[in-house]
Amino acid sequence: MELYTPEALISEEEIALRIAALGAAITKDFEDEEIVVICVLKGAFMFCSDLIKKINRPLSLDFISLSSYGDSTHSSGNVKLDMDITANIEGKNVVIVEDIVDSGLTIKTLMEILSVRKPKTIKLASLLFKPTKLQHKVTIDYLGFEIEDKFVIGYGLDYAGRYRELPYIGILNAGN
Ligand code: 5GP
């Protein structure tokens with residue numbers, strides 16, 4: 001079987017450096033406070049796993065799963081809650097860890113779902129942000145990289161379930 005190596009947009013080294021800075025910022029912002037980290041599956045699993053290693057604060061980890069894209073590279077405009085967290089977040093400091101903010105619909109929906117549960121604070125860490133596609137008001141408190149409007153894969157992000165294992169962020173080429 002022929003191996004396919006997508007063109008790199010952000011290298012492993014660049015990702016590691018940026019995540020160290022984000023972890024340091026979160027550590028500073030939550031001095032003496034506990035954090036509930038909510039990893040948005042599946043795309044953020046790799047980012048979240050590397051990020052929490054750089055947060056030097058007591059934290060607990062939970063997972064949530066939402067879907068909007070299906071197997072296409074265009075948003076369906078619908079967000080479905082596939083799997084909920086198990087933690088009670090009332091009165092807690094929540095940090096959502098997301099892979100990418102595109103139109104902002106997924107995060108807007110997630111913020112609505114979580115804020116009615118009365119957390120003390122909700123912050124958002126997103127590895128990537130495509131500003132050209134934004135349609136909803138979203139504040140990213142801890143941003144990895146702003147990128148242009150290309151469909152990216154790797155480092156947890158997929159196309160039709162593939163490429164999540166790539167250690168870097170690549171651009172999906174037409175025809176691959
Ligand atoms: P939004 O709701 O902000 O439009 O889209 C967010 C979700 O769409 C992300 O969590 C991710 O699953 C998917 N998405 C948006 N852009 C890309 C992209 O360039 N590559 C991949 N793999 N997923 C994307």
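All ligand and atom numbering here is 1-based and tracks the order in the structure.
Distances from atom 14 (N) of ligand 1 to the heavy atoms of I153, L9, I100 show the closest one on I100. Distances from atom 10 (O) of ligand 1 to the heavy atoms of N78, D99, V138, T109 put D99 nearest.
Side-chain atoms of N93 never come within 3.5 Å of backbone atoms of I35 as a donor-acceptor pair (strictly under, hydrogens ignored). K130 contributes no side-chain N or O that, together with a main-chain N or O of E146, makes up a donor-acceptor pair within less than 3.5 Å. Side chain of S103 to main chain of K133: no donor-acceptor pair is present (N/O by atom type, distance under 3.5 Å, no hydrogens or angles).
Across all their heavy atoms, V94 and P119 have their closest contact at CG2-CB, 3.9 Å.
Polar contact check, F151 against ligand 1: no nitrogen or oxygen pair lies under 3.5 Å apart. Between V101 and ligand 1, a contact under 3.5 Å exists for no N or O pair. Ligand 1 has a nitrogen or oxygen under 3.5 angstrom from a nitrogen or oxygen of D158.
A heavy-atom separation below 4.0 Å is found between K130 and ligand 1. For the ligand labelled ligand 1, residue G43 lies outside the 4.0 Å heavy-atom shell. Not a single heavy atom of H136 sits less than 4.0 Å from an atom of ligand 1.
Under the side-chain contact (heavy atoms from CB on, under 4.5 Å) test applied with I85, the options L114, I113, L61 reduce to a single match, L114. Screening L172, L128, D99 for a side-chain contact (heavy atoms from CB on, under 4.5 Å) with V152, the sole residue that qualifies is L128.
Proximity of E98 to ligand 1, defined as any heavy-atom pair under 4.0 Å, is confined to the side chain (atoms from C-beta onward). When non-hydrogen atoms are compared, ligand 1 lies under 4.0 Å from neither the backbone nor the side chain of V40.
Here F63 contributes atom CZ and C48 contributes atom SG; the two are 6.5 Å apart, rounded to the nearest 0.5 Å.
At a threshold of 4.0 Å, the pair E112-K108 counts as salt-bridged, since one of the basic side-chain nitrogens sits closer than that to a carboxylate oxygen.
Those atoms of ligand 1 with a heavy atom of K150 less than 4.0 angstrom away are 19 (O). Ligand-side atoms of ligand 1 in range of L105: 2 (O), 3 (O), range being under 4.0 angstrom from any heavy atom. Within ligand 1, the atoms closer than 4.0 Å to a non-hydrogen atom of T106 are 1 (P), 2 (O), 5 (O), 6 (C), 7 (C), numbered from 1 in the order shown. Per-residue contacts place G104 under 4.0 angstrom from the following atoms of ligand 1 (heavy atoms of the residue considered): 1 (P), 3 (O), 4 (O).
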Salt bridge (charged side-chain N to carboxylate O under 4.0 Å, His left out) between E31 and R57: does it pass, once the steps are laid out? CA-CA 8 Å; E31 210 174 341; R57 289 280 170 263; 5.3 Å; no

